[in-house]
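Comments concern the structure below.
Whatever order the structure lists them in is the order used to number ligands and atoms, beginning at 1. Throughout, residue positions are numbered sequentially from 1 according to the sequence presented. Computed from heavy atoms alone, side chains included, the values below leave out hydrogens, waters and symmetry copies. This structure is a prediction, so every number in the text was calculated from the model and none was measured.
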Amino acid sequence: MSAADQPAATAAPLLAVSGLCSGYGPVQVLYGIDIEVRRGEVVALLGPNGAGKTTLLRTIAGQIRPLAGTITMDGRPVGGLAPERVAGAGLVLVDEGRAVFPTLTVAENLMMGAHRRRLPARALAAECERAYDLFPRLADRRTQIAGKLSGGEQQMLVIARALLAEPELMMIDEASMGLAPNISELVFETIGRLAAGGLTVLVTEQYVRLALEVAGRGYVLKQGHIDVAASADELRRSDLVEASYLGGGS
Ligand SMILES: Nc1ncnc2c1ncn2[C@@H]1O[C@H](COP(=O)(O)OP(=O)(O)OP(=O)(O)O)[C@@H](O)[C@H]1O
Ligand SMILES: [Mg+2]
């Protein structure tokens, strides 16, 4: 296919990871990972426990230095940069484990998300209101101490806080970990709404079916390699994925 025949969406990936190797000290976990995420896409990163999903997101976010390979954001290399500089390039990670600042209020937690942007007070307040519009449950609880929120509300808060950093690409590790099924659905509905508003998302998720309702494409990571790269439709139909990941039910 000639360049002129390519759909516009395939032109330039927002995030491009190529030949990425990473790990912890002498323990190599990722072996030559190639993935890309185009602007406006929701991409699911799937795979069994221990496959390396968290390691991949943390390496992209600058928390772990790659052993080899390249990571570019909008064509600019970000591999090996400190997490603050990666965030400055528009890449924000909502980490596994959902860390709110438990002794601060919901409003204070939200404002922490914008600290790097040094917004004037009025602009910051306006951005917080935008977040409350997206997450009405948080608006009702803005003066509440974050540690007293339910698990689902805490997950909403970390996603809302990450939005205050004005990411171009949000990576969410284990979007629904520890949440009841109806709350997990609410989290994914929210991700779908954010994506419809133009946010680009790379998400890992145990409940494959749920992730593939929102994602357009997915990668299956196995033992540190990309095993499958396919559209969400193909992944939904794939026996391989069914057998590997849907056995536990979702
Ligand atoms: N801090 C660490 N030091 C050494 N090895 C680690 C560390 N963190 C993770 N590992 C190892 O790296 C491998 C990949 O782990 P990782 O957390 O990336 O998997 P995952 O796909 O996110 O799994 P899960 O679905 O359980 O979250 C595992 O074998 C794990 O034991
Ligand atoms: Mg993980």
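Taking the charged nitrogens against the carboxylate oxygens, Asp133 and Arg130 have no contact shorter than 4.0 Å, which rules out a salt bridge.
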Donor-acceptor pairs under 3.5 Å, side chain of residues 25-35 to any protein atom, not counting sequence neighbours: which ones?
residue : atom : partner : partner atom : Å
Gln28   : NE2  : Leu30   : O            : 3.0
Tyr31   : OH   : Gln28   : O            : 3.1
Asp34   : OD1  : Gly19   : N            : 2.6

Side-chain donor-acceptor pairs of residues 66-77 under 3.5 Å, sequence neighbours excluded:
residue : atom : partner : partner atom : Å
Asp74   : OD1  : Arg39   : NH2          : 3.1
Asp74   : OD2  : Arg39   : NH2          : 2.9

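Ligand 1 lies under 4.0 Å from heavy atoms of Tyr24, Val29, Pro48, Asn49, Gly50, Ala51, Gly52, Lys53, Thr54, Thr55, Glu96, Glu174, Gln206.
Other residues, nucleotides and ligands contribute only 12 or fewer heavy atoms inside 6.0 Å of the CZ atom of Arg65.
Protein atoms of type N, O or S found under 2.8 Å from the Mg ion (ligand 2) total 2.
Checking side-chain atoms of Lys53 against main-chain N and O of Val203 turns up no donor-acceptor pair under 3.5 Å. Arg58 places no side-chain N or O within donor-acceptor distance of the main-chain N or O of Thr55, the cut-off being under 3.5 Å.
Two residues are said to be in side-chain contact when any heavy atoms from C-beta on lie closer than 4.5 Å; Thr54 and Thr204 fail this criterion.
Checking Glu205 against Ser176 by side-chain atom types alone, a donor-acceptor pair falls below 3.5 Å.
Taking all atoms of both residues into account, the shortest heavy-atom contact from Ile145 to Pro102 is CG2-O, 2.8 Å.
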